[in-house]
*Asks:* 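Supplied in structure tokens, the structure appears directly below.
Side chains are part of it too, since the values below use all heavy atoms of this structure and drop only hydrogens, waters and symmetry mates. Numbers here are sequence positions counted from 1.
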Amino acid sequence: MGRGKVVLQRIENKISRQVTFAKRRNGLLKKAYELSILCDAEVALVLFSHAGRLYQFSSSSKNLLGEDLAPLNTSELDQLESQVGKTLRQIRSRKLDEMEVDAAPPPPPQQQQLPWQSDRGVPVPSHALPQPDHFFQALECNPSLQPA
């Protein structure tokens with residue numbers, strides 16, 4: 001039994017879209033790796049998520065190790081250093097923002113004000129509450145009775 005044909009249009013459900021992105025991203029990274037191994041090809045893949053997260057693959061780590069930097073002149077090295085510094089600042093800023101969001105205490109739950117509470121949540125004396133006339137029935141009592 002084969003797979004059904006996928007209609008290529010934006011996935012409206014946010015959760016389904018995120019799941020599909022993660023699965024296809026991993027598949028694409030795996031294919032890039034396999035292509036580099038099987039065909040001895042230099043493969044580079046740069047992918048940005050909807051939220052701006054960077055995913056990358058490079059079959060060669062020469063640039064990361066600095067092996068290709070010898071032929072560069074001073075101004076090119078300065079430019080490369082500037083780019084690396086800018087990227088590190090962006091990553092640090094994003095990480096700090098994520099940490100602040102994670103560390104922020106959740107907002108206090110909104111409590112419904114009950115009729116017998118004032119604006120500050122302090123109980124209001126029962127005689128201060130407005131009551132409809134039919135709420136209580138008057139009791140008939142004999143004032144001449146004395147407690148035993």
Side-chain angles (χ1 to χ4, degrees), residues 1-140:
M1 179 182 219
R3 296 182 186 175
K5 199 168 197 176
V6 175
V7 177
L8 289 180
Q9 66 181 21
R10 183 176 188 270
I11 299 170
E12 295 301 323
N13 183 302
K14 184 178 179 181
I15 295 171
S16 296
R17 187 171 55 243
Q18 180 60 34
V19 168
T20 301
F21 175 81
K23 287 181 179 180
R24 288 183 175 247
R25 176 200 65 215
N26 290 339
L28 190 58
L29 291 169
K30 182 179 177 184
K31 290 290 184 186
Y33 170 75
E34 291 171 351
L35 183 63
S36 71
I37 298 297
L38 293 173
C39 302
D40 195 27
E42 292 286 327
V43 178
L45 175 65
V46 177
L47 183 65
F48 290 94
S49 72
H50 176 72
R53 288 205 171 104
L54 168 67
Y55 300 93
Q56 61 187 354
F57 169 79
S58 175
S59 60
S60 171
S61 60
K62 288 181 181 179
N63 288 333
L64 297 176
L65 298 175
E67 294 175 7
D68 291 342
L69 300 179
L72 297 179
N73 64 33
T74 306
S75 65
E76 292 170 327
L77 286 172
D78 287 342
Q79 184 180 5
L80 181 61
E81 183 180 16
S82 172
Q83 288 174 343
V84 169
K86 180 180 177 184
T87 304
L88 284 174
R89 285 190 296 277
Q90 288 174 342
I91 292 170
R92 285 184 183 127
S93 175
R94 189 180 318 138
K95 290 292 183 184
L96 285 173
D97 289 345
E98 289 174 5
M99 288 172 47
E100 289 173 1
V101 168
D102 291 342
Q110 291 281 342
Q111 290 185 350
Q112 183 179 0
Q113 183 176 343
L114 301 174
W116 58 84
Q117 291 179 328
S118 69
D119 290 339
R120 294 182 223 132
V122 178
V124 176
S126 60
H127 59 44
L129 294 175
Q131 299 292 338
D133 293 332
H134 65 277
F135 190 76
F136 291 107
Q137 292 181 350
L139 296 175
E140 292 183 25

*Asks:* Around I15, counting heavy atoms of other residues, nucleotides and ligands shown, do more than 12 lie under 6.0 Å from its CD1?
*Replies:*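 No - once you tally the heavy atoms of other residues, nucleotides and ligands closer than 6.0 Å, there are 12 at most.
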*Asks:* Could I get the full list of side-chain contact (heavy atoms from CB on, under 4.5 Å) partners for L28, not counting sequence neighbours?
*Replies:* L45
*Asks:* Please name all residues satisfying side-chain hydrogen bond (donor to acceptor under 3.5 Å, both in side chains) with S75, sequence neighbours left out, ordered by chain then number.
*Replies:* N73
*Asks:* Is it the case that over 12 heavy atoms from other parts of the model lie below 6.0 angstrom from the CD atom of Q56?
*Replies:* no
*Asks:* Taking all atoms of both residues into account, what is the closest heavy-atom pair of S16 and I11, and its distance?
*Replies:*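 Taking S16 first and I11 second, the nearest heavy atoms are CB-CG2, 3.9 Å.
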*Asks:* Start with the C-alpha distance between Q79 and Q83, add both sets of side-chain angles, then the distance that settles side chain to side chain contact (heavy atoms under 4.5 Å, CB included), and finish with yes or no.
*Replies:* CA-CA 6 Å; Q79 184 180 5; Q83 288 174 343; 4.0 Å; yes
*Asks:* Using every non-hydrogen atom in the two residues, find where S59 and S36 come nearest and quote the distance to one decimal.
*Replies:* CB-CB, 3.4 Å
*Asks:* Say you draw a straight line from CG of D40 to CG of L35; how long is it, rounded to the nearest 0.5 Å?
*Replies:* 10.5 Å
*Asks:* List the atom of Y55, the atom of F21, and the distance in Å for their closest heavy-atom pair.
*Replies:* CE1-CE2, 4.0 Å
*Asks:* Taking atom CZ of R94 as the centre, report whether more than 12 heavy atoms of other residues, nucleotides or ligands fall under 6.0 Å from it.
*Replies:*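 Above 12, so yes.
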*Asks:* How long is the straight-line distance from CZ of R24 back to NZ of K31, given to the nearest 0.5 Å?
*Replies:* 12.5 Å
*Asks:* Do other residues, nucleotides or ligands put more than 12 heavy atoms under 6.0 Å from N13 CG?
*Replies:*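 Counting neighbours around CG of N13, more than 12 heavy atoms of other residues, nucleotides or ligands fall under 6.0 Å, so yes.
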*Asks:* So how far is it from E42 CD to S58 OG, rounded to the nearest 0.5 Å?
*Replies:* 7.0 Å
*Asks:* Any non-hydrogen side-chain atom of T20 less than 4.5 Å from a side-chain atom of R17?
*Replies:*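 Sidechains of R17 and T20: no contact.
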